[in-house]
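Data first, discussion second: the structure below is written as structure tokens.
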Amino acid sequence: MRKVWRKTISILGVAILGVSTLVGCGKQETLGVDKDGFTVVKVGVVGEYNQQWDTVNELLKEEKIKVELVKFSDYAAPNRALADGEIDLNAFQHKAFLENDVEQKGYQIEAIGDTVIAPLSIYNNKEKIQSVDDIKDGDVILIPSDLTNGGRALKLLEAAGLIECDPAKEYIPTKADITKYHVKIEVKEAESATLAKLLPDCTAALINGGNAFTAGLDPQVDSIYTEDVNPETNQAVERLVNVIVARSEEKDNEVYKKVVEAYQTDEVKKTVEEVYHGAFTCTW
């Protein structure tokens, strides 16, 4: 009887070991190694302007690394997902947005590489106006609802000669900081990704290059005023550079460094220039 019992225990032990091995294999796959042996890096993005990542993946093949894009519909989600470990990196925001999100929400995340600037432009409802000069009292102008891009939009309206903002607020004024209206426009806020869809309902909307491209808008053809992204004439430009972001504890991850290196290449720059027609400017 004891021999039978010992044999049963032995069999159970083998079975348990087998289950543990299977669980271990499953976990290994979730940690980012696919069936072909490629290390998979999940990168959170917003919008449909991702062709440069195809080029990045081509460059990473020799390293047996593959970027897998995880798409989000709004700007609030990717930093939360990164902080919670749902993705490995994200690449959708500029430095000012990142700094504000970290300050407001306490995320332990940080930039590990520069990518592009997505200039903000004023896009007109072509049935109502043809230029900035056509904007009149009472016209509705839409801007992004988040603090950093909203402030950036107000500074662009100021540069276009429509309003003046409290200079003490620097690059992030709010509507409450508008000190003078040269034209009595009505400034309204909406989530960045929705602005292009709302353009028929307003006189103009301030949309960044990525969201404009997603909506089929060409900044060189469809906009009537564009943000100055020359660092010599716009001191805020450095804060408007988009970045690849990692969890702070993993900022020195060698795989992530290789992703950044692959992005910051002439091959990716060529893709950005050929595909996006000025919607983005490379910054490395």
Side-chain angles (χ1 to χ4, degrees), residues 43-47 49 52 72 74-80 82-83 89-122 143-160 163-178 187 189 191-193 195 205-213 219 223 225-248 251 260 263-264 269 272 276 278-284:
V43 178
V45 297
V46 178
Y49 37 95
Q52 67 273 27
F72 296 90
D74 63 79
Y75 287 171
N79 281 339
R80 177 199 54 75
L82 178 60
L89 302 170
N90 68 42
F92 75 100
Q93 66 195 314
H94 52 61
K95 293 176 182 178
F97 186 97
L98 172 63
E99 180 182 316
N100 182 69
D101 227 23
V102 167
E103 182 179 341
Q104 295 295 320
K105 299 168 184 173
Y107 296 140
Q108 298 296 310
I109 60 177
E110 59 189 84
I112 61 171
D114 294 351
T115 58
V116 298
I117 288 179
L120 194 67
S121 295
I122 302 176
I143 66 171
S145 56
D146 65 276
L147 176 63
T148 54
N149 285 307
R152 182 182 177 189
L154 291 175
K155 294 300 289 183
L156 186 58
L157 292 176
E158 183 177 56
I163 62 173
E164 291 182 21
C165 298
D166 181 353
K169 298 298 181 177
E170 298 180 342
Y171 67 94
I172 49 170
T174 66
K175 291 197 309 181
D177 300 314
I178 299 174
V187 179
E189 298 168 325
E191 205 283 321
S192 288
L195 290 170
L206 282 76
I207 308 171
N208 71 29
N211 287 324
F213 180 84
S223 68
Y225 198 87
T226 297
E227 184 176 43
D228 174 16
V229 292
N230 182 344
E232 295 182 1
T233 52
N234 183 354
Q235 295 181 349
V237 165
E238 174 58 27
R239 305 179 70 85
L240 303 179
V241 172
N242 283 22
V243 285
I244 297 172
V245 179
R247 285 179 290 279
S248 297
K251 65 178 182 178
V260 172
Y263 197 110
Q264 295 176 341
K269 184 176 182 180
V272 170
Y276 301 116
F280 302 106
T281 301
C282 296
T283 59
W284 63 88

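Please read all numbers here as calculations on a predicted model, not as lab measurements.
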Note, Leu120 side chain near Asn149 side chain (heavy atom, < 4.5 Å): no

Would Asn234 and Tyr171 satisfy side-chain hydrogen bond (donor to acceptor under 3.5 Å, both in side chains), going step by step from the backbone distance to the final call? CA-CA 10 Å; Asn234 183 354; Tyr171 67 94; over 6 Å; no

Can you check whether Pro173 reaches Lys155 side chain to side chain, under 4.5 Å on heavy atoms? yes

Test item: Arg247 side-chain N/O and Gln108 main-chain N/O as donor-acceptor pair under 3.5 Å: no

Asn90 and side-chain contact (heavy atoms from CB on, under 4.5 Å): which single residue from Asn79, Val46, Leu98, Val45 fits? Asn79

If you look at every heavy atom in Gly44 and Phe72, which pair is closest and at what distance? CA-CE1, 3.7 Å

Leu89 versus Ile244, closest heavy-atom pair with distance: CD1-CG2, 4.1 Å

With side chains defined as the heavy atoms from C-beta onward, is the minimum distance between Ile178 and Leu157 less than 4.5 Å? no

Across all chains, not counting sequence neighbours, the side chain to side chain contact (heavy atoms under 4.5 Å, CB included) partners of Thr148 are His94, Ala96, Phe97, Asn100, Asp146, Ile172

Which heavy atom in Ala279 sits nearest to a heavy atom in Pro119, and how many Å separate them? O-CD, 3.3 Å

Closest approach of Val116 to Cys282 (non-hydrogen atoms, all atoms of both residues): CG1-CA, 4.1 Å

Judged by modelled atom types alone, do Asp114 and Thr283 share a side-chain donor-acceptor pair under 3.5 Å? no

Take atom NZ in Lys95; do more than 12 heavy atoms of anything else shown fall under 6.0 Å from it? yes

Taking the side chain as everything from C-beta on, heavy atoms only, tell me whether Leu206 gets closer than 4.5 Å to Leu195. no

Are any side-chain N or O atoms of Glu191 and backbone N or O atoms of Ala193, one a donor and one an acceptor, separated by less than 3.5 Å? yes

Would you please classify the geometry between the Tyr49 ring and the Phe280 ring as parallel, tilted or perpendicular, with 30° and 60° separating the classes? tilted

4.5 Å side-chain heavy-atom contact, Asn230 and Val237: no

Would one find more than 12 heavy atoms of other residues, nucleotides or ligands at under 6.0 Å from atom NZ of Lys251? no

Heavy-atom donor-acceptor pair, Tyr107 side chain to Leu82 backbone, under 3.5 Å: no

Glu110 vs Ser248, test: side-chain hydrogen bond (donor to acceptor under 3.5 Å, both in side chains). Steps then yes/no. CA-CA 6 Å; Glu110 59 189 84; Ser248 297; 2.9 Å; yes

Do you know the tightest heavy-atom contact between Ser121 and Pro219? OG-CB, 4.5 Å

With the threshold set at 4.0 Å, does a side-chain nitrogen-carboxylate oxygen contact exist between Arg80 and Asp101? no

Is there side-chain contact between Leu240 and Val229, with heavy atoms separated by less than 4.5 Å? no

Describe, in one word, how the ring planes of Trp284 and Tyr263 are oriented to each other, choosing from parallel (under 30°), tilted (30 to 60°) and perpendicular (over 60°). perpendicular

